[in-house]
Amino acid sequence: MKRIVVVGGSIAAVTAAQSLRTEGYDGQVTVLSEEPHPPYSRVPLSKGVLAGRESVESALLPLPSEDIEFRTGARAVRLDTSGRLVTTADGTDIPYDGLVIATGARARRLTGDSDLVVRTLDDASTLATRLAAAHSAIVLGGGFLGMEVAGTCRALGLEVTVIDLLPPLLRLLGPWVADLAVAAARDHGIRVRVEPDGVEVLDEHRVRCGESVLTADVIVCAAGDVPNTDWLEDSGLPLDAGGGLVADACCRVAPGIVAAGDVVSRQGRRTPHWTNAVEQGRTAAASLLHGESAHPYRPDPYFWTEQSGLDIKISGELPLTGTPEVLAGSVDDRSALLRWHREGGTATAVAVNHRLPVIKLKRLGAGVPTPVPARTRART
């Protein structure tokens, strides 16, 4: 292969591009990013950047090495797999011998482009400006992002209401951890409304919940995301019912084409998390270069979130059921190291406001017993 094109500007795309060099590829590598910015991390957008504690520049990632061409403002609109061409919005056809698809996902919007969301750097900057002049906010969606945004809004002094179809975080985390997070949110003054029949957005300041109409200076939509696969609809590549790009265990989609990150569907579901994007980026690069001899992608279920005074780190599969084993700290103090045992001998470990090296948390999450220092061991 003389030229490899990476479509996308996310951490998955940048990791894949740099991994091609690490794996020994010395041909041309071109990265096509839709956004006008250099690559950046989305992790601080809903927290430090939105709150004004961190600058926009702090979210920027290191640029790929100089021997990798990184094009901004280059949105892919079509893929011709037979001709091996990626067409961008300005009509340019870019040939490739190998292709990495890492176009990620976009925010799901309820009313259209006018929705305030937090997905891109520009989204966060726009919302931060609106929040600076606001006194109240409604957050539509109680997932990780919605609860993080709600916590940030409350820390800025706003009156905050979170609305979702289900109790916040229940579907993602299971009842035990979700209840802990919601209790912390309420203690911080965040109101939570569960509306199984959904909400109707009336305008930029009003939503209808059943017979009630709620008003706020700012309404933020945090209702999930949609994979960016519109440009692939006529490509013949396999898409699942939710629009995700179907890839195998080695991140392969078709001959000469691999994929990584939030756009990828494996075994019928997407796993849009930072760790997943990085590991898939590495695997995709190796698979493209080495084919059948490449090692398959091994999921590393590690997640973290910061919201309403809680720093929660999780290693292992979700959601969680039952009551955990308390390895250290105190649940009542909301500072604890917890573990849920699962069938098959594995486990999920959760650190709540508890300092522990990530590698040790992952060992606990893999079901490998890790000694807990006596001074931090939970009292019995």
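Remember, predicted model here, so these are calculated numbers, not experimental data. The residues of the chain are indexed from 1 along the displayed sequence.
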Do we see a donor-acceptor contact under 3.5 Å between the side chains of Thr88 and Asp90? yes
For the residue pair Cys209 and Arg193, establish whether any side-chain heavy-atom pair is separated by less than 4.5 Å. yes
Arg84 atom CZ: more than 12 heavy-atom contacts under 6.0 Å: yes
Determine, step by step, whether Thr271 and Asn276 satisfy the side-chain hydrogen bond (donor to acceptor under 3.5 Å, both in side chains) criterion, reporting the C-alpha distance in whole Å, the side-chain angles of both residues, the deciding distance to 0.1 Å, and the verdict. CA-CA 7 Å; Thr271 50; Asn276 173 71; 3.1 Å; yes
State, to 0.1 Å, how close Asp225 and Pro272 come at their nearest heavy-atom pair, and which atoms those are. OD2-CB, 4.0 Å
For side-chain hydrogen bond (donor to acceptor under 3.5 Å, both in side chains), just list the numbers for Ser330 and Asp332, CA-CA rounded to whole Å, side-chain angles, deciding distance to a tenth of an Å, and then say yes or no. CA-CA 5 Å; Ser330 166; Asp332 291 338; 4.8 Å; no
Is it the case that Ser114 and Glu204 place a side-chain donor and acceptor less than 3.5 Å from each other? no
I'd like to know whether Thr30 forms a side-chain contact (heavy atoms from CB on, under 4.5 Å) with Arg3, so could you lay out the CA-CA distance, the side-chain angles of the two residues, the decisive distance to 0.1 Å, and finally the verdict. CA-CA 8 Å; Thr30 300; Arg3 182 176 190 176; 3.4 Å; yes
Closest approach of Val201 and Leu140, non-hydrogen atoms and distance? CG2-CD1, 3.7 Å
Ignoring hydrogens and geometry beyond distance, is a side-chain donor-acceptor pair present between Thr305 and Glu148 at under 3.5 Å? yes
Measure the shortest side-chain to side-chain distance between Arg109 and Val117 over non-hydrogen atoms and say whether it is less than 4.5 angstrom. yes
Side-chain heavy-atom pair Val31, Ile68 within 4.5 angstrom cut-off: yes
Checking salt bridge (charged side-chain N to carboxylate O under 4.0 Å, His left out) between Arg106 and each of Asp230, Asp115, Asp123, which is the one that passes? Asp230
Are a donor atom and an acceptor atom from the side chains of Glu317 and Thr348 found within less than 3.5 Å of each other? no
At their closest point, which heavy atom of Pro227 faces which heavy atom of Gly242, and how far apart are they? CG-O, 3.5 Å
Can a side-chain donor-acceptor contact be found between His341 and Glu325 if the only test is distance below 3.5 angstrom? yes
Decide whether Arg78 and Thr87 meet the rule of one side-chain donor and one side-chain acceptor closer than 3.5 Å. no
Taking it one step at a time, do Glu35 and Thr120 satisfy side-chain hydrogen bond (donor to acceptor under 3.5 Å, both in side chains)? CA-CA 9 Å; Glu35 294 195 52; Thr120 69; 4.7 Å; no
Does NZ or CZ of Lys362 come closer than 6.0 Å to the centre of the six-membered ring of Tyr302, within 45° of the ring's axis? yes
Taking all atoms of both residues into account, what is the closest heavy-atom pair of Gly141 and Val162, and its distance? O-CG1, 3.8 Å
Among Thr15, Asp26, Leu289, exactly one meets side chain to side chain contact (heavy atoms under 4.5 Å, CB included) together with Leu20. Which residue is that? Leu289
Between His290 and Glu23, does a side-chain hydrogen bond (donor to acceptor under 3.5 Å, both in side chains) hold up when you go through it step by step? CA-CA 9 Å; His290 307 311; Glu23 294 288 335; 2.8 Å; yes
Just by distance, with hydrogens left out, do Asp240 and Ser265 show a side-chain donor and acceptor under 3.5 Å apart? yes
Single-linkage hydrophobic cluster Leu45~Ile219, side-chain heavy atoms < 4.5 angstrom: no
When you compare the side chain of Trp231 with that of Val86, does any pair of heavy atoms fall below 4.5 Å? yes
Give the minimum heavy-atom separation between Cys221 and Leu110, together with the two atoms involved. SG-CG, 3.7 Å
We want to know whether His37 and Asp122 form a side-chain donor-acceptor pair, criterion being a heavy-atom distance below 3.5 angstrom. yes
Check the pair Val139, Thr161 against side-chain contact (heavy atoms from CB on, under 4.5 Å), reporting the backbone distance first and the verdict last. CA-CA 6 Å; Val139 180; Thr161 301; over 6 Å; no
Nearest heavy-atom neighbours spanning Pro319 and Gly174: CB-N, 3.5 Å
Do Val6 and Leu288 share a hydrophobic cluster, counting only Ile, Leu, Val, Met, Phe, Trp and Tyr and linking them when any side-chain heavy atoms are less than 4.5 Å apart? yes
Is it the case that atom CG in Asp234 sees more than 12 heavy atoms from other parts of the structure closer than 6.0 Å? no
Result of checking Ile190, Thr152, Leu145, Leu169 against Gln307 for side chain to side chain contact (heavy atoms under 4.5 Å, CB included): Leu169
I would like to know whether Val218 and Ile138 meet side-chain contact (heavy atoms from CB on, under 4.5 Å); could you show each step before the answer? CA-CA 6 Å; Val218 173; Ile138 292 173; over 6 Å; no
Evaluation steps, side-chain contact (heavy atoms from CB on, under 4.5 Å), between Phe144 and Val149: CA-CA 9 Å; Phe144 283 136; Val149 170; over 6 Å; no
